[in-house]
Each structure stands twice: as C-alpha cells, then as structure tokens.
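Accompanying notes for the structure given below.
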Amino acid sequence: MSTLANPAKPIRALSSAEKARTPVSMAKTDLGESVVVSRYEDEIWDFWPYIPQNNARDSEKRINWRIEIAPGEFLTDHQHAPLLESTKDFTWSLFIDPIDGRQRPRMATVIAHVVALTPLLRWMASRGMRQFRDIEGRALEYVPIAKINQRTGKPTAKGWHARRLIVLEELYLQREKLADALPTHPWPDESGFTLSGERAKGRTIKTLRIPERTVRQLAEVAINYVTNLAPHILSTRDALEQAVANKEGFQATNIRIPLARELGFEGSRDLSAELSYLRDSCYIVIAMFSGIRDSETLSLKRGCIAHDKADDGIDLIWLHGTIFKTGIKPHKWLVPPIVETAVRVMEWYRQPYAIQIEEQISQFEQQLDMSIPGSTFHKRQLKRLHTARKDRDGLFLGCAPCVGHLVGVLSKSTIHRRLQNFCPHFNILGDDGKYWRLSSHQFRRTYAYFVASAELGDLHYLREHFGHWSIDMTLLYTSGASDAYQTDTDLLTEILRSKTEKQESVLHNYLMTDAPLANGDIMLADLRQTIKTAKNKQSLLQQISSSITLNGTGHSWCIGNAKGTSCGGLCVFEADMCVDCAYGMIGPEHLPVWKEIALQQQTALDMSDLGLPGKTRSQRILNKALDVIAKLEIPQ
DNA sequence: ACGGCTCAGCACTTGTTTCG
DNA sequence: CGAAACAAGTGCTGAGCCGT
C-alpha cells in the first residue's frame with residue numbers, strides 16, 4: 001500500500017506553489033514506484049488506495065471539491081478560491097496533523113468531515129462570507145440552519161445536527177495550524193452536543209431482527225435456490241453460453257431463446273432473472289447462517305471454506321474472510337454445511353466473470369505499458385488495474401453495464417437494492433402482513449438470536465442450520481485458532497447479548513404474570529411476590545436474570561446445571577425428572593411438548609409386547625405428564 | 001433492427017453500531 | 001462517552017441486452 005510523505009513543514013508554512021503540488025494520495029505500480037494519484041490542487045482528491053473495503057464504491061472513496069454551494073455556483077469557481085483553499089487546508093490538516101489528543105483518522109472519516117462541512121459552506125455562501133474567520137461572532141446563527149435537512153427541509157436525522165456543529169469546533173481547534181480558521185470558540189460555554197440537544201445516552205440498537213416466521217420463509221426460498229435450483233440454472237447458463245459461442249447479434253438470440261425455453265425457462269431474460277435470485281439466495285444463506293457483516297460477505301474470496309476436525313472428531317466448517325472494522329484482519333467463522341453449499345454455488349456462478357476479469361487485467365496491463373506515466377489515462381488504468389486485481393478472486397462478482405462493462409465485486413448498494421426487492425418478489429411477509437423490508441445487517445442480529453435460541457434449546461425452526469453452534473462452540477471460539485485467522489469474538493458477544501435478552505423475557509413471563517406452572521412454583525413464589533411489591537420491577541428482573549443461567553430442555557427450563565446441582569443435566573433425556581426437580585420450571589410454553597410425551601407413553605403402553613419394566617416406566621412418565629398437563633390447563 | 005427495459009454504478013445524504 | 005466506522009436509502013444515468 002502507498003504511503004504519504006509526511007511534510008516537514010506545517011500547511012500554513014507552505015508556499016501556494018509548493019502546496020498545490022503536494023500529493024494527497026499515492027499508489028504503487030508493479031515496479032514498486034510510487035505514483036501520485038491526487039495532488040492538493042486537484043479538483044478531486046481520490047483516496048482509493050487507502051480504503052480497502054470491497055463494498056464501498058469509488059465515489060465513496062474520494063472528495064469532489066466541485067461542491068455546489070449556491071444554485072449554479074461551485075466551490076471550485078474562481079470567485080470562491082479562498083474558501084476552497086481554506087476548506088482544503090482544514091480537511092488536509094485533519095489527516096496530516098490531527099487535532100491534539102486524537103488519533104489520525106481514516107480517510108473515510110476525513111471524507112465524512114467534508115460531508116458534515118458542506119451545509120456550513122452553503123450557509124457561508126448565502127451570507128457572503130468568503131473565509132472561515134468571517135464566521136466569528138455569527139456561529140450561533142448557523143445553529144438553527146444546521147438542524148435542517150437541505151433536501152427535505154425537515155429537521156435532520158439524529159446525530160447530524162451535532163456532527164455539523166462539531167466541525168466548527170474543529171475549525172477552532174485546528175486554528176494554529178491553518179491560515180484561515182475560527183480564531184475563537186464558536187460557542188464558548190457550550191458544545192456541539194449540548195447545543196443540538198442530542199445527548200449520546202440511551203442508545204438502543206435499531207436494526208430489526210427478522211421475525212421467526214419471516215426467517216423461515218426466507219430460508220425456505222433461499223435454501224431451495226441454493227440446494228435444488230442452482231444446478232439447473234447454472235448449467236443452463238453454461239449451455240447457452242457454449243451454444244452461442246462465436247455468434248453475435250440476432251444469430252445468438254435465435255439460438256439462445258429457444259434453447260432457454262427448451263430447458264424450462266420463459267426466455268433468456270427469465271434465466272438471467274433467476275440467476276440473480278440465485279445469487280441473492282447465496283448472499284442470504286451466507287449472511288443468515290454465518291452472521292457475518294455485509295462488508296465481510298462481499299470481501300469473501302473463492303476457496304474461502306476450510307474443513308477442520310474438532311478433538312472429538314466432529315467435522316467443523318470454517319469460513320475464512322476479512323474484517324475491516326479497525327484495520328484489515330483475517331478472520332474465520334464457524335458455519336453450518338448450507339453455507340458451504342452456498343459458497344460452492346457462488347464459485348460456480350462467478351466462473352464466467354472470473355474469465356472476464358482476467359481478460360480485463362491483461363488488457364489494463366498492456367494499456368499501462370503503452371501509456372505515458374502521469375497522464376490521466378495512465379492514472380485511470382492504474383486504478384482499474386488495482387481494483388481488478390483486488391477483485392479477481394472475489395466471490396460475489398458482477399458486471400457494471402454503465403461503466404464499460406467492468407467486472408468486479410458487487411457494491412453494497414446493489415446488494416441492498418436486491419434485498420429490498422427479494423421479499424416482494426417471493427411474497428415474504430413480516431408479522432404485520434406487509435412485505436418484509438430486508439437489509440443486510442438484519443441477518444447478523446437474527447443469526448445471534450437464533451444461535452442463542454439453539455443454545456437455550458427452544459429453537460423451533462431451522463434447527464439443523466443453527467444447531468451446529470450448540471455443541472458448545474463457545475469454547476472452540478474463545479480457546480482460539482492456531483492459524484493466522486482470528487475468530488470473530490464480536491459475534492460471540494452479540495450471541496451472548498441475545499441469550500441474555502431471551503432469558504430475561506422468559507423470566508419476565510414467569511415472574512411478572514401468574515401463568516400456571518407445573519413445576520417451579522415453590523422456587524418462584526417468593527420471587528413473584530418480591531417483584532410485585534418492588535418499586536423498580538425491570539431492574540430487579542434484570543438482576544435476577546443475570547444471577548442465573550437458564551438452560552432449555554425443550555420440556556422445561558433448568559437452572560440447575562450451571563451450579564452442578566440437581567440432575568446434572570440428565571433431565572434433557574429423562575423429561576419426567578424435571579417434574580419434581582427443585583431447579584426445574586415448567587410453564588405454559590411447554591404444554592404441547594408434554595401432551596406429545598403423554599401421547600407417546602400411552603402408545604407405548606398400548607403395545608402388548610412391552611415388558612413389565614418398560615410398562616412401569618411408561619406408566620410413571622405418563623402419570624407425571626398427565627399431572628403436568630392438568631396443572632398447566634387449570635383456567636386462570 | 002429497433003424500442004423498451006433492466007441492472008448496476010454514481011452522487012449525495014441520512015442512519016446505526018462499535019471502538020478506544 | 002465522543003469519535004470513528006460501517007450501513008442504508010434514493011434519484012438519476014446510460015450501456016447494451018432482450019425479444020418481437
């Protein structure tokens with residue numbers, strides 16, 4: 001990766017000519033030579049060499065200084081030259097000479113600062129201010145302006161007001177490093193946060209968890225594509241491709257369409273739509289059953305699946321990838337077999353694109369050889385070469401129709417749009433009866449919830465896919481990997497959080513209501529009473545919840561195992577043990593299970609060939625089950 | 001062989017989660 | 001808790017595929 005020379009002189013000490021030629025971003029060629037990508041004087045500061053994320057687009061990796069600061073007027077216009085220079089100075093200073101006490105920001109953050117600064121520039125233009133120092137004494141006028149969303153005229157989203165105001169404070173903090181800045185604090189007795197009235201407290205997680213019913217529908221569709229439809233769709237694609245090789249125009253069309261119809265599709269268009277849904281399904285399966293983030297999914301490469309044997313001989317499947325949050329680190333995730341299937345399908349899916357991208361790479365290499373270093377063409381092809389090389393092993397390859405058919409890893413906005421379209425197309429609904437609005441991060445939360453459910457033993461759906469975690473994988477995760485790949489401990493934290501939440505809600509039902517109990521009433525009676533009279537019920541509930549560990553057996557909740565007391569977990573196999581156990585709780589949610597148990601034992605008893613010991617056992621279990629059912633069915 | 005349509009990127013903005 | 005990083009959303013564009 002490229003490095004920037006740390007200038008010996010601070011920005012304000014540079015002459016205009018010196019400053020103009022200063023590189024702000026650089027890249028390396030194959031020969032190891034550094035090539036300047038952007039200079040201070042450029043209209044666009046392109047930071048592509050510094051932002052590795054595959055899921056970000058080029059446009060998110062650069063600053064375009066041609067900001068429209070008034071209708072028809074741009075920051076790059078001649079009359080705004082001083083303001084442009086001040087803005088560039090400030091922006092560049094944030095990176096090259098960070099605010100005292102702060103770490104050097106990532107380039108993406110620097111770009112975000114410019115975004116937050118834009119409304120200020122517009123306001124300044126509208127007031128005829130040409131320099132930041134003109135703001136002095138008038139900063140408070142800007143406060144209400146900064147609260148308004150420029151596009152809609154409505155108040156800005158939470159956090160943005162503060163973010164826009166904080167930029168002014170930073171203009172003050174950097175004052176000694178800049179020729180033009182805020183000489184005095186914009187609001188001496190306040191901070192951007194207090195001014196905006198947006199305290200950072202009380203943050204809650206907003207990303208929705210996909211409801212169970214919706215997950216089931218989604219999983220059904222996606223798994224069907226990945227396991228059943230994939231071979232047909234992909235082999236048809238390949239067959240068509242082969243049949244039209246070396247043919248063009250209508251000749252190709254005349255072959256393609258009848259063949260597609262012959263193979264069970266409505267036409268060529270239908271086939272490509274199905275191909276896209278197949279790709280969406282792979283994305284969904286991978287995200288849903290591995291819990292990885294969007295940026296991580298899109299950075300997956302071919303061959304990212306590895307097998308491994310646990311000590312007890314269980315086959316483990318690892319998904320290898322990269323985590324970008326706070327630096328680029330190789331990571332691995334434990335995944336169920338369906339994820340491997342989806343990766344294999346994508347490896348097939350990407351093959352034609354892989355061939356194309358290799359062709360593009362050699363084309364770029366040739367063009368680079370023949371062009372003049374430093375020319376715009378040379379720069380552009382250098383960038384395309386770097387990008388293509390980075391993407392050449394990518395799993396989620398696609399093709400951009402409007403940029404010269406460049407092949408590369410799909411962007412997050414494409415994935416996002418495709419996900420939004422997925423539920424309506426397959427008629428997948430949320431609990432409110434409307435189409436579920438799917439987005440990429442929901443999968444992470446949903447995954448954590450389902451894994452927690454699997455661990456608590458009350459997972460109803462998709463058990464075989466989430467259950468792979470239940471064999472106490474926590475140990476495997478934390479005891480660490482021996483290879484270069486780290487495990488994703490954040491995901492583990494997420495799962496634990498989900499588990500705690502679930503446990504709390506289970507206890508909530510037991511303690512806050514008078515739901516009938518078949519067992520556990522003695523243990524809970526006191527607690528129920530305490531809770532009823534407690535002032536702060538919620539915090540008491542949390543306190544109780546954090547002091548015990550629930551284990552789901554399917555037919556009861558067991559709080560005994562963790563303490564090494566009671567049955568030691570045998571109740572998982574011998575349901576009737578829980579009925580009298582001091583550490584068991586049996587409530588309304590277990591009623592169907594107990595009915596099933598009763599039915600089974602009755603059937604067993606009806607069979608004549610059951611020996612006496614067997615009969616005794618069945619009778620014992622049946623009696624207890626009937627007892628449980630009777631208690632749970634008492635009208636409240 | 002031509003008009004409609006689709007799909008993915010671009011540009012810009014807002015929103016959310018996690019790090020130190 | 002503030003800063004940083006990551007994610008989502010939307011109008012627009014246009015190349016070129018698709019199918020009559």
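Every heavy atom of this structure was used, including side-chain atoms; hydrogens, water molecules and symmetry mates were not. Reminder, nothing fancy here: chain letters follow the sequence lines and each chain counts from 1.
- By the 4.5 Å heavy-atom criterion applied to side chains, A:Gln360 and A:Phe364 are counted as neighbours.
- Nearest-nucleotide mapping onto DNA chain C: of A:Arg437 and A:Glu266, the residue sitting toward the 5' end is A:Arg437.
- With B:dG9, B:dC12, C:dA4 as the candidates, the nucleotide lying closest to the side chain of A:Asn64 is B:dC12.
- Position along DNA chain C of the nearest nucleotide to A:Ser272 versus A:Gln420 favours A:Gln420 as the more 5'-ward residue.
- Relative to the side chain of A:Arg293, the nucleotides B:dA8, C:dA8, B:dT18 differ in distance, and B:dT18 lies closest.
- Using a 4.0 Å cut-off between charged side-chain N and carboxylate O, A:Arg261 and A:Glu266 make no salt bridge.
- Distance A:Asp294 CG to B:dT16 P: 17 Å, rounded to the nearest Å.
- Note: CG (A:Asp270) to C1' (C:dT20) measures 17 Å, nearest angstrom.
- Regarding contacts with the backbone of C:dA7, every side-chain N or O of A:Ser440 stays at 4.0 angstrom or more from both OP1 and OP2.
- Annotation: side-chain hydrogen bond (donor to acceptor under 3.5 Å, both in side chains) contacts of A:Asp77 (sequence neighbours excluded): none.
- Regarding A:Ile67, its CD1 atom lies at a distance of 11 Å from the C1' atom of B:dC12, rounded to whole Å.
- Comparing atom distances between the A:His441 side chain and each of C:dT20, C:dA8, B:dC7 picks out C:dA8 as nearest.
- Within the 4.0 angstrom heavy-atom criterion, only backbone atoms of the sugar-phosphate kind lie near A:Gly267; the bases stay farther away.
- Atom C1' of nucleotide C:dT20 and atom CZ of A:Arg269 are separated by 11 Å, given to the nearest angstrom.
- The shortest distance between the side-chain N/O atoms of A:Arg417 and the OP1/OP2 oxygens of B:dT6 is not below 4.0 Å.
- Rounded to whole Å, the distance from CD1 on A:Ile415 to P on B:dG9 is 9 Å.
- For A:Tyr349, the side-chain hydrogen bond (donor to acceptor under 3.5 Å, both in side chains) partners are A:Arg279, not counting sequence neighbours.
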